[in-house]
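Each chain gets a letter, A, B and so on, in the order the sequences are listed, and its residues count up from 1.
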Amino acid sequence: MELATGSTTAAEGSATVPSTGSGTCQTVGNIHARDPVITVRGCNVHYGETHALKDVSLDIGRNEVVALIGPSGCGKSTFIRCLNRMNDTIEGTRITGEFRLDGQDIYARDMDVVMLRARVGMVFQKPNPFPKSIYENVAYGPRIHGLAGSRRELDDIVYGSLERAGLLDEVRQRLDEPGTGLSGGQQQRLCIARAIAVSPEVILMDEPCSALDPIATARIEDLIDEISRNYAIAIVTHSMQQAARVSQRVAYFHLGTLVEVGATDRIFTNPSHRLTEDYVTGRFG
Amino acid sequence: MSASTGGGGASPHAPPQIRRRVEAGLARRYGRERRFRACGLLSVVFGVLFLGFLVFTIVRNGYSAFRQAELRLDLQLDSVTLGLGDRPDAGALAGADYQAVVKAAMGRMFPEVTERRERRDLGALVSASSAFLLRDRVLAEPDLVGRSVSLWLPADDAVDLLLKGHVGRSRDSGGKLTTAQLAWLDRLVAEGRAALRFNTAFFSNGDSREPELAGIWGATKGSFFMLLVTLALSFPLGVAAAIYLEEFAPRNRWIDFLEVNINNLAAVPSIVFGLLGLAVFIDFLGLPRSSSLVGGLVLALMTLPVVIIASRAAIKAVPPSVREAALGIGASPMQTVFHHVLPLALPGMLTGAVIGMARALGESAPLLMIGMVAFIVDIPATPLDPATALPVQIYLWADSPERAFMERTSAAILVLLGFLLVMNITAVWLRSRFERRW
Ligand SMILES: Nc1ncnc2c1ncn2[C@@H]1O[C@H](COP(=O)(O)OP(=O)(O)OP(=O)(O)O)[C@@H](O)[C@H]1O
Ligand SMILES: [Mg+2]
């Protein structure tokens, strides 16, 4: 396992990282965003025995792209899945901490998960369009949330979302063909169109380009640039270049802790923490 | 495994002795593969041979039952021969002497036969059931009285066997006809008045003590009603249970316990379900004995675990990414299941249900327990009427000593196999219809 080297690094680094549970921020850099839409404070996640996230605090600002980077297994997916409660579906998960969406407690008893997921959309690592037509893929969300009053309105939403996802021109003639018949890059853009069709406030993307070729990746990055004017975006990526290209802020995770947060150009040019430096300079992972 | 370590070293820079070792191992590997494939092919061939043999014997024994020796008689339905008064009512018509009409028709064809015993032998060429058939015909059309009609009526068993070649003409080769009867029959055949005709009675009648009259329609209808009840009960219940267990049930010890029990239930001998049905549905709930409703209920109990297991497997096979996608844009768990999981799992569920149905169709043991083995002549009109089922009918006929029932047994098996074939083809069709490859 590649993590074997990682654990020794963590032991060395633990001197600089305060022990967990203090409730104070152990992260280097500024976790605050100017105009936060999501705020997370002291988040701990356990999968049974595994302590997957340790006391993580982070803001995600409006109209901002935050890139989450870090070695495999460090808890990036776990973190973003907490934000729309996708971890609820996993048996034996324990989540503590404070999660707020626009000041509203995400884990409150009266928080409607269906509503939450309409406001916090998600794009997965592997493109996963529904085995239905392209039109149905995009129309499904608005339909179950009752966003369109008529067929005309629904059409408008579908065409608009496909347009913004940069897919409309490629699929205009084949809207009733299965979404799974598209190429990988087109499928991923379809998934993005599906996510933005319900007009979420935040879009979570878990390695959206890891299954795509450079050209498709470039298109998705353009798309992220484009839609970040209207949405807050948290994107998990393994590509430092991608993080540098699309994000305004970068958060570096390591073995369940959030090590450093900062403006993208500073993290890549002048990281404060040794672990971050090792990672972004390619000495680790 | 030396082969695998050798395989790892077989890079372009591997020393020659390692490459030789890999090559030696390669030959062994190919040999093993060939042998395995041969084994597989052999078992398939064996399976096909057995199946072919089974079908061949059944067809050979059974195909002749689809035809029946019949005689064309010119019947004169005058009231004198029938023994009727001037204005016969329905009761009188039912009790009239149709036997005499049939005998008279035979007699007119052979006027030279006058002696009492010979006349009786002549009359014996026609099946005793002819009189009943004639009666039914007249009761349906009372206008026929006083007119003459030409009808094909079933010939006696012995004639049937002879014309089908199951027995020879002489006594030692199994023939039961006298020399005189043989001569009459030959004349009838030559005149085209005796022939093997399509056996409609077999497909339209219920059971009977007379093989010429015995048919499978009653049993078929009974089986149909039963399967209807079984399907209506076990499919929705099974699918609902499977969905609950797979998608909603908490993972705990109770659910594990339940799972083990459902799997066990699928392996319980079917006769046990029959005993259960007898105790619960007939003795406790007081549902009518021998009815296809009770049969269907019992078979539904038996099929339920099969449907549950198949449906759960089908649900499990739906990729989790589909569920994630649906939940991710805010579908509720129920919407996720009904909009996305169920459509993808449906072909598997349907296949499971059809296989369960096919098993239920072929089941006889539990039906014996609830009285569906009774001798039932009437065709059931509703699921509440006493009925029998195809496999039970086969079982009953297989028990009868008459040669004519033997061929009917095989013919009934053929019909049953036909139904099974249709059901399985339906399963395949449903699969390809609903299973779109994405
Ligand atoms: N469903 C689960 N059950 C148990 N442990 C889990 C589960 N999901 C994740 N984990 C564990 O939690 C830790 C964090 O996992 P996570 O998926 O968040 O990592 P990641 O940073 O997304 O890694 P990658 O870059 O490889 O996707 C890992 O140690 C992992 O083994
Ligand atoms: Mg991940």
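Atom NE2 of His339(B) sits about 10.5 Å away from atom CZ of Phe130(A), to the nearest 0.5 Å. Taking OG1 of Thr336(B) as the reference point, atom CD1 of Ile144(A) lies at 7.5 Å (rounded to 0.5 Å). For the atom pair OG (Ser321(B)) and CD (Gln125(A)), the distance works out to 12.0 Å, reported to the nearest 0.5 Å. Expressed to the nearest 0.5 Å, how far CD of Gln335(B) lies from CZ of Arg143(A) amounts to 12.0 Å. Rounding to the nearest 0.5 Å places NE2 of His145(A) at 6.0 Å from CD1 of Ile329(B).
Within a 6.0 Å radius of OH in Tyr47(A), other residues, nucleotides and ligands contribute more than 12 heavy atoms. More than 12 non-hydrogen atoms from other residues, nucleotides or ligands lie less than 6.0 angstrom from CZ of Phe248(B). Around the CE atom of Met334(B), the shell of radius 6.0 Å holds no more than 12 heavy atoms that belong to other residues, nucleotides or ligands.
In this structure, no portion of Arg85(A) lies under 4.5 Å from any heavy atom of chain B.
Under 4.0 Å is where a charged nitrogen must lie from a carboxylate oxygen, and between Lys126(A) and Glu324(B) no such pair does.
When the candidates Pro333(B), Ala331(B), Gly330(B) are compared by the number of heavy-atom contacts under 4.5 Å with chain A, Gly330(B) comes out ahead.
The shortest heavy-atom contact between Arg194(A) and Ala325(B) is NH2-CB, 3.5 Å. Minimum heavy-atom separation, Arg117(A) to Leu327(B): CD-O, 2.8 Å.
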